[in-house]
Amino acid sequence: MVLNHSTAGMDYFATTHDDYINIAMWTSADRFAANVGKLRGAEVIELALEMTPHWHPHLRRLFELGDPASSFPVVTATSVPVDPWPTTNVTLLGDAIHTMTPGHGVGANTALRDAALLCRCLVGSDGSLLDAIGAYEAEMIPYGFARVRDSLNNNGTSGNDPLYRPFAGRLAMAGARTYFRAVDKIPSVRRKFVDDLTTYRES
Ligand SMILES: Cc1cc2nc3c(=O)[nH]c(=O)nc-3n(C[C@H](O)[C@H](O)[C@H](O)COP(=O)(O)OP(=O)(O)OC[C@H]3O[C@@H](n4cnc5c(N)ncnc54)[C@H](O)[C@@H]3O)c2cc1C
């Protein structure tokens with residue numbers, strides 16, 4: 001699998017045991033210092049605070065309250081499409097073939113879709129084992145890499161996202177804030193938001 005590190009991102013988690021709030025802060029890798037993957041515990045929390053001076057104090061307080069022992073960096077990466085390969089009795093599914101950024105939150109969903117499809121192909125095949133695996137790969141590769149592309153283009157998970165440009169970024173942020181306020185206040189818009197999300201994740 002070839003990973004495109006120029007668009008890799010970094011997540012920050014602060015978790016505690018029992019009931020907990022899990023906070024993830026992500027941006028493209030080039031927004032972080034080169035050593036961010038080596039930071040641990042309180043250093044991770046300090047970095048989150050340094051990078052968010054204009055965030056609402058209540059949100060930043062959640063960072064401050066984070067458990068340092070449960071705070072760690074996660075490097076996320078995106079795969080690049082591959083051409084179909086000669087089918088053998090070894091195949092790939094899930095992140096092993098189409099790892100993606102969490103832009104749409106569908107990496108695990110797609111892994112499960114692969115598993116269900118592979119199962120159907122194996123059980124329903126009238127042909128050989130290789131025919132069944134070939135049918136699985138022919139269907140999985142297009143939708144898998146479509147999810148990779150959509151995820152990279154969503155929520156600033158691409159380093160080229162307009163959000164990161166000085167002027168366009170402000171406009172994009174203002175547009176996003178207006179949209180999410182509408183989602184919050186207008187029931188029909190909220191329903192559409194949830195329906196669209198569910199439809200995408202189930203497609
Ligand atoms: C921050 C973040 C947020 C995410 N949010 C979502 C979300 O909201 N919704 C969603 O659908 N997806 C989400 N995902 C993606 C999701 O976690 C992955 O797509 C999913 O876990 C992939 O499943 P998998 O079984 O293919 O691979 P994995 O979950 O990586 O499982 C592979 C397993 O193989 C094991 N393994 C590796 N090498 C070996 C070996 N040599 N021998 C034995 N075992 C081995 C590993 O330890 C691991 O347990 C998110 C990912 C990240 C990083």
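Remember, it's 1-based here, ligands and their atoms both numbered in the order they're listed. Just so you know, these numbers come straight off a predicted model, no measurement behind them. The residues of the chain are indexed from 1 along the displayed sequence.
Residue contacts with ligand 1, taken as heavy atom pairs separated by less than 4.0 Å, involve P102 solely via side-chain atoms from C-beta onward. Of all the heavy atoms of V106, the ones lying under 4.0 Å from any atom of ligand 1 belong exclusively to the backbone.
Side-chain contact check for V189 versus F193: every heavy-atom pair is 4.5 Å or farther apart. Side-chain atoms of T27 and L163, non-hydrogen and from C-beta on, never get closer than 4.5 Å to each other. With contacts defined as side-chain heavy-atom distances shorter than 4.5 Å, the pair P81/V148 does not qualify.
For the side chain to side chain donor-acceptor pair (under 3.5 Å) test, residues two or more places apart in sequence or in another chain that qualify with R61 are E64.
Of the polar atoms of T76, none of the N or O atoms is found under 3.5 Å from an N or O of ligand 1, judged by distance alone. Every N/O-N/O distance between R201 and ligand 1 stays at or above 3.5 Å. Considering both main-chain and side-chain atoms, G105 comes within under 3.5 Å of ligand 1 through a nitrogen or oxygen pair.
Ring pair Y143/H98 is tilted by interplanar angle, where 30° to 60° counts as tilted.
T88 approaches L130 most closely through the heavy-atom pair C-CD2, 3.4 Å.
Atoms of ligand 1 found under 4.0 Å from any heavy atom of G94, numbered from 1 in the order shown, are 26 (O).
Looking at A108, G103, S151 and measuring to atom 15 (C) of ligand 1, the nearest heavy atom belongs to A108.
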